[in-house]
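Before anything else, here's the structure in question.
Note that this is a predicted model, so its numbers are computed, not measured. Chain letters run A, B, ... following the sequence lines, proteins first and then strands; every chain starts at 1.
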Protein chains: 2
Amino acid sequence: MTTPTDTRCCPPVTEAALDEEAAQRLAGVFAALGDPVRLRLFSLIASRPDGSCACDLVGPLGRSQPTVSHHLRALHEAGLVDRERQGRWIWYSVHPEALLEAATLINC
Amino acid sequence: MTTPTDTRCCPPVTEAALDEEAAQRLAGVFAALGDPVRLRLFSLIASRPDGSCACDLVGPLGRSQPTVSHHLRALHEAGLVDRERQGRWIWYSVHPEALLEAATLINC
DNA sequence: TGTCTATATTGACAAGCATCAATATATAAC
DNA sequence: GTTATATATTGATGCTTGTCAATATAGACA
């Protein structure tokens with residue numbers, strides 16, 4: 001059983017100013033979405049219900065494989081995507097918590 | 001008379017992948033929120049119903065006046081805040097459209 | 001006019017980041 | 001074992017960005 005609510009979640013930005021610690025954490029999430037290539041990458045993963053194989057993410061972006069891998073790592077470290085090995089492939093899928101907190105903040 | 005709805009608004013990220021043009025535009029909004037100082041700055045403005053005088057935004061952030069002015073310009077250029085001169089002071093307030101589109105995208 | 005105050009701009013610097021080619025690692029299949 | 005494929009890491013490069021001190025701009029008021 002998991003906790004139903006994220007205890008770190010902040011109220012909408014219209015209700016209270018952020019403290020430094022929350023700003024640091026949430027800015028990391030927004031920064032991860034703040035690059036056009038990475039945002040498209042994230043949207044490619046999110047738009048497939050079961051996630052995406054990394055091998056399917058290189059072509060559509062017009063960037064080299066190392067660059068895509070670098071961005072996937074950034075999304076993962078920001079808490080936005082999960083990765084799971086499946087044989088020779090690695091499967092990426094949305095990790096909803098970070099996205100939820102970010103959405104809650106700006107959902108006014 | 002202004003258009004009542006923003007025709008550029010995108011469906012949630014779980015429904016469709018972004019094209020390059022939309023990714024460019026939305027990444028700009030997320031990038032503006034992707035710095036801790038700027039995110040706190042934005043939250044300070046957003047948490048006051050009538051907006052904030054720039055003069056009230058320098059103190060709480062622990063940054064120099066030029067740095068705060070620089071970040072205010074970044075928020076304004078990203079479409080996140082409006083500015084309005086009121087005598088000797090300049091009033092900043094949330095410009096909801098860009099925030100709405102960003103929130104719609106990640107509100108899953 | 002001149003002075004005071006609020007805000008913006010300029011210029012410089014260091015740190016960070018997006019990108020790629022080359023290489024490494026890891027799994028699968030033979 | 002070897003070979004092939006998928007992904008990650010390393011190292012280098014050029015561009016961007018956050019920051020401040022110094023300066024400029026612009027409005028208010030005497």
At under 4.0 Å between heavy atoms, how does the protein contact nucleotides 18-30 of chain D? Give one character per nucleotide, 5' to 3', with B, S or -.
SBBBB----SS--
Write down the distance between CH2 (A:W91) and C1' (C:dA26), rounded to a whole number of angstrom.
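From A:W91 CH2 to C:dA26 C1': 18 Å.
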Euclidean distance, atom CZ of residue B:R73 to atom C1' of D:dT17 [Å, nearest integer]:
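So the CZ-C1' distance, B:R73 to D:dT17, works out to 14 Å.
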For A:P66, give me all partners under side chain to side chain contact (heavy atoms under 4.5 Å, CB included), at least two apart in sequence or on another chain.
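Checked A:P66 against side chain to side chain contact (heavy atoms under 4.5 Å, CB included); matches are A:S64.
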Hey, could you give me the CG/CG distance between A:L41 and A:L72, rounded to the nearest 0.5 Å?
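A:L41 CG to A:L72 CG: 4.5 Å, rounded to 0.5 Å.
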Which pair of non-hydrogen atoms, one from B:R40 and one from A:L18, has the smallest distance, and what is that distance?
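Closest pair (atom of B:R40, atom of A:L18, distance): NE-O, 3.2 Å.
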So, is A:Y92 near the phosphate of D:dA8, with a side-chain N or O under 4.0 Å from OP1 or OP2?
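True: A:Y92 side-chain N/O within range (under 4.0 Å) of D:dA8 OP1/OP2.
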What integer distance in Å separates B:L72:CG from C:dT7:C1'?
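From B:L72 CG to C:dT7 C1': 10 Å.
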Please check: side-chain N/O of B:R38 versus main-chain N/O of B:A31, any donor-acceptor pairing under 3.5 Å?
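Yes, the answer is positive, given that a donor and an acceptor are paired below the 3.5 Å cut-off.
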Pairs flagged by disulfide bond (SG atoms under 2.5 Å apart) wherever residues 35-78 of chain A is involved - sequence neighbours left out
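Listed once each, the pairs are A:C53-A:C55.
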How many whole angstroms separate atom CG of B:L41 from atom C1' of D:dT17?
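From B:L41 CG to D:dT17 C1': 16 Å.
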Which atom pair, heavy atoms only, marks the closest approach of A:S52 to A:L44?
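Scanning both residues, the minimum pair turns out to be OG-O, 3.6 Å.
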Return the value, rounded to whole Å, for the distance between atom CD1 of B:I45 and atom C1' of C:dT7.
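For the pair B:I45 CD1 and C:dT7 C1', the rounded distance is 14 Å.
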Mind calculating the distance between CG (A:L39) and C1' (C:dA18) to the nearest angstrom?
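Going from CG in A:L39 over to C1' in C:dA18 covers 15 Å.
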Take atom CD of A:E84 and atom C1' of C:dT27, then tell me their distance rounded to the nearest Å.
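After rounding, the reported distance stands at 15 Å.
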What is the distance from CG of B:L75 to C1' of D:dT17, rounded to the nearest Å?
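Rounded to the whole Å, the gap is 14 Å.
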